[in-house]
Amino acid sequence: MKKFNPNTLARPSVLQLKPYSSARDEFEGTPDSLVFLDANENPFPTDYNRYPDPHQKHLKSIIAPLKGVTTDQILLGNGSDEVLDLLFRAFCVPGKDQVITMPPTYGMYQVLAQINEVACIEVPLRSDFSMNASAVVAAVTPQTKMIFVCSPNNPSGQLIEPESVEFLLQSFEGIVVVDEAYIDFSNSPSWIAALGRYENLVICQTFSKAYGLAGIRLGMLFAHSSMIDLLKKIKPPYNINSLTQEVAVQRLQNTDQVAREVALICSERDRLKTVLKSLPWVKEVFHSEANFLLIRVDDAAKRYRQLQDQGAVVRNRSGQMHCSETLRITIGTPQENKWLTAWMKNC
Ligand SMILES: *Cc1c(COP(=O)(O)O)cnc(C)c1O
């Protein structure tokens with residue numbers, strides 16, 4: 001097992017800080033017989049007059065067995081955005097430290113780096129969207145705290161080769177963050193299974209894609225418990241509200257339904273891929289293990305406009321590295337996909 005002590009990498013100010021201790025931290029448990037006069041809440045019931053559980057115990061107790069982790073290996077955030085931001089704030093000293101990203105990839109890593117005044121070193125993927133692992137390792141400096149791997153990647157839809165991720169985990173002394181927002185649409189296993197082998201591994205997943213709950217804003221981070229402890233020190237105490245916790249618990253009671261939707265989205269993806277390949281103006285349909293397809297077309301701006309005129313909004317990704325003349329299309333319902341392909345045949 002690769003040993004790693006997050007405290008040697010953390011910002012000195014984070015190590016020193018004494019976390020805010022909320023009323024519900026100091027007194028745990030909520031037996032009905034107790035009278036709660038500790039948090040300045042309004043005592044009259046509205047269903048939501050009480051602060052939410054800052055540790056999300058019930059929700060984590062359902063997530064843990066589902067993901068094959070223990071509850072102390074889970075951090076929940078207000079979307080993946082929040083858990084990613086917490087990583088920056090825990091480990092990167094503004095104006096000094098660096099992270100590495102591999103464009104074309106999810107834009108939020110770069111935005112969060114900028115917000116936190118952290119330099120973002122870009123080591124592009126190859127033009128076939130595979131990772132150039134030796135170039136990534138060559139770009140590491142003593143100031144490099146994190147490397148972001150998005151797999152399956154957005155916008156390509158492709159999985160990043162496991163051997164390359166493994167190489168980073170072995171050769172990099174900092175944190176390897178694997179963003180698995182789309183892992184449920186892939187046939188490949190999650191990196192969660194490797195948590196026991198690598199203490200410098202962090203995995204992010206989300207309720208926004210396969211779970212169909214983008215509106216509740218719930219992101220998950222899985223890591224060694226020492227990493228989770230450090231991140232918990234700086235998270236806002238009540239970052240997951242009661243409504244979000246309730247809705248997530250309900251949805252997790254119906255994972256069969258989630259699995260059915262994911263299977264349907266995947267079969268629709270493969271069907272749509274076949275249709276797209278037959279269109280004369282579509283030059284390439286990239287392999288996808290996500291709930292979207294990246295396609296290369298003759299004229300992306302023109303095709304984007306045509307589709308919008310007909311009522312379909314897709315994403316023009318032509319401005320991204322290696323993505324000239326590409327559109328990214330999210331897989332809709334079977335009915336929506338039928339309309340889309342009918343419109344596309346008229347373009
Ligand atoms: C959609 C997406 C997310 C999800 O972010 P949330 O803040 O959880 O909604 C995370 N990472 C990638 C790569 C995504 O495409």
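This one's a predicted model, so the numbers in the text were calculated from it and none came from an experiment.
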Whether the [X] and [Y] side chains hold a donor-acceptor pair (N or O, under 3.5 Å, no angle test) is what I'd like checked.
| X | Y | result |
| --- | --- | --- |
| S318 | N316 | yes |
| Y48 | E246 | yes |
| S190 | E180 | yes |
| N239 | E82 | yes |
| H58 | Q56 | no |
| Q110 | T101 | no |
| S164 | E161 | yes |
| T244 | N241 | yes |
| Q73 | K67 | no |
| N154 | R328 | yes |
| Q257 | R260 | yes |

| message | Set out, in order, the CA-CA distance, both residues' side-chain angles and the distance that settles side chain to side chain contact (heavy atoms under 4.5 Å, CB included) for L276 and M344, then state yes or no. | response | CA-CA 8 Å; L276 289 171; M344 285 181 136; 3.4 Å; yes
| Distance from S80 atom OG to L218 atom CG, nearest 0.5 Å? |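 If I round to the nearest 0.5 Å, the distance is 9.0 Å.
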| field | Interatomic spacing from CG in L84 to CG in L221 - rounded to 0.5 Å | value |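 Separation between the atoms: 8.0 Å.
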Are [X] and [Y] close enough that some pair of their side-chain heavy atoms sits under 4.5 Å apart?
| X | Y | result |
| --- | --- | --- |
| V99 | I121 | no |
| K209 | F185 | yes |
| M131 | M102 | yes |
| M146 | C92 | yes |

| said: Would you say the rings of F91 and F88 are close, in the sense that their centroids are separated by under 6.0 Å? | reply: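 No - the distance between ring centres of F88 and F91 does not fall below the 6.0 Å cut-off.
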Any carboxylate oxygen within less than 4.0 angstrom of a Lys/Arg side-chain nitrogen, looking at [X] and [Y]?
| X | Y | answer |
| --- | --- | --- |
| K273 | E284 | no |
| D298 | K283 | no |
| R197 | E166 | yes |
| E41 | R50 | yes |
| K233 | D229 | no |
| K60 | D72 | no |

Smallest separation among heavy atoms of [X] and [Y], with atom names:
| X | Y | value |
| --- | --- | --- |
| A301 | E325 | N-OE1, 4.5 Å |
| P104 | M321 | CG-O, 3.3 Å |
| Y238 | S22 | OH-CB, 3.2 Å |
| S188 | I183 | O-CD1, 3.7 Å |
| Q310 | C347 | NE2-SG, 3.5 Å |
| I331 | E268 | CG2-CB, 3.7 Å |

Angle between ring planes, [X] versus [Y], binned at 30° and 60°: parallel, tilted or perpendicular?
| X | Y | value |
| --- | --- | --- |
| F292 | Y182 | perpendicular |
| H322 | F129 | perpendicular |
| W339 | W343 | parallel |

| said: Test side chain to side chain contact (heavy atoms under 4.5 Å, CB included) on I192 and Q205; report intermediate values, then the result. | reply: CA-CA 10 Å; I192 288 176; Q205 294 185 5; 3.7 Å; yes
| query | For Y51, does the OH atom sit with more than 12 other heavy atoms under 6.0 Å from it, leaving out its own atoms? | reply |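 Incorrect, the count does not exceed 12.
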| said: Could you check whether any side-chain N or O of T255 sits under 3.5 Å from a backbone N or O of V258, counting only pairs where one atom can act as donor and the other as acceptor? | reply: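 No: the side chain of T255 does not pair with the backbone of V258.
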| said: Under the criterion side-chain hydrogen bond (donor to acceptor under 3.5 Å, both in side chains), I'd like the reasoning laid out for Q158 against N153: C-alpha separation, chi angles, the key distance, then a yes or no. | reply: CA-CA 5 Å; Q158 272 172 219; N153 191 26; over 6 Å; no
